Amino acid sequence: TRPRERWLGSWPRQAPRTYRGANLEYMLMPIGGIGTGTIWLDGQGRLAVWQVFNNYDERPVRDTFFAIRAEAEGSEPVVRCLQTVGRPAFAPMQSLEYEGGYPIARLRFSDPALPVRVTLEAYNPMIPTDAANSALPCAIFSKVSHDSFFSSRSVISSSPILISWP
């Protein structure tokens, strides 16, 4: 193997940790390129802190959240915001598990009213040994919905979402 490949093979790897219940209150993960600003994803699924465009305060951008609308055959549609804190006109998800291992966060939502299981993945453009591409000014999200009544391999929809700033 080449020297670079040997070095990458020795890169320390840590298994992601899963947080639930009261531990979610203390979860925050920055998402964004190195030195470009960040959006912080918290343990309730909120885009809690936006530190982009050289602002250093910790205020959220109002009315920014992800949502889902799902409908089982013969039933009324169910709409939820993908966080455990409600928004005006949007009920929250009942619970979530937060699996975090920088630079990736995976939120598994659960709500008995929804006919699907929903996972939101958030990650940085972090590429070890590649500073130029690790410094892209963006946060990447992907929402995946699985049918609750079939195996976890039955994907109903997958929606990549890119948030970028100049």
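Hydrogens, waters and symmetry mates are skipped; everything else that's a heavy atom, side chains included, is used. Predicted model only: the values in this text are computed from it and were never measured.
The side-chain heavy atoms of Leu114 and Ile68, taken from C-beta on, include a pair separated by under 4.5 Å. Using a 4.5 Å cut-off on side-chain heavy atoms (C-beta onward), Val144 and Ser142 make contact.
Taking each heavy atom of Pro125 and Cys138 in turn, the nearest pair found is CD-O, 3.8 Å. Cys81 approaches Phe90 most closely through the heavy-atom pair CB-CB, 4.0 Å. Residues Met93 and Ser110 come closest through the heavy atom pair CE-N, 4.1 Å. In terms of heavy atoms, Gly45 sits closest to Leu96 at N-CD2, 3.9 Å. For Leu120 against Phe66, the heavy-atom pair with the smallest separation is CD2-CD1, 3.8 Å. What you find for Gly86 and Pro92 is that their closest heavy atoms are N-CB, 3.5 Å.
With Thr36 contributing its side chain and Gly33 its backbone, the two residues share a donor-acceptor pair below 3.5 Å. At least one donor-acceptor pair under 3.5 Å links the side chain of Ser134 to the backbone N or O of Ile127. Panel note: side chain Asp42, backbone Ala48; no donor-acceptor pair is recorded below 3.5 Å.
Under the side chain to side chain donor-acceptor pair (under 3.5 Å) criterion, Tyr123 pairs with no residue at all, not counting sequence neighbours.
Residue pairs that meet the side-chain hydrogen bond (donor to acceptor under 3.5 Å, both in side chains) test with at least one member in residues 65-84, sequence neighbours left out, are Arg80-Asp111.
With respect to Glu99 and Arg108, a salt bridge is recorded, a charged nitrogen being found less than 4.0 Å from a carboxylate O.
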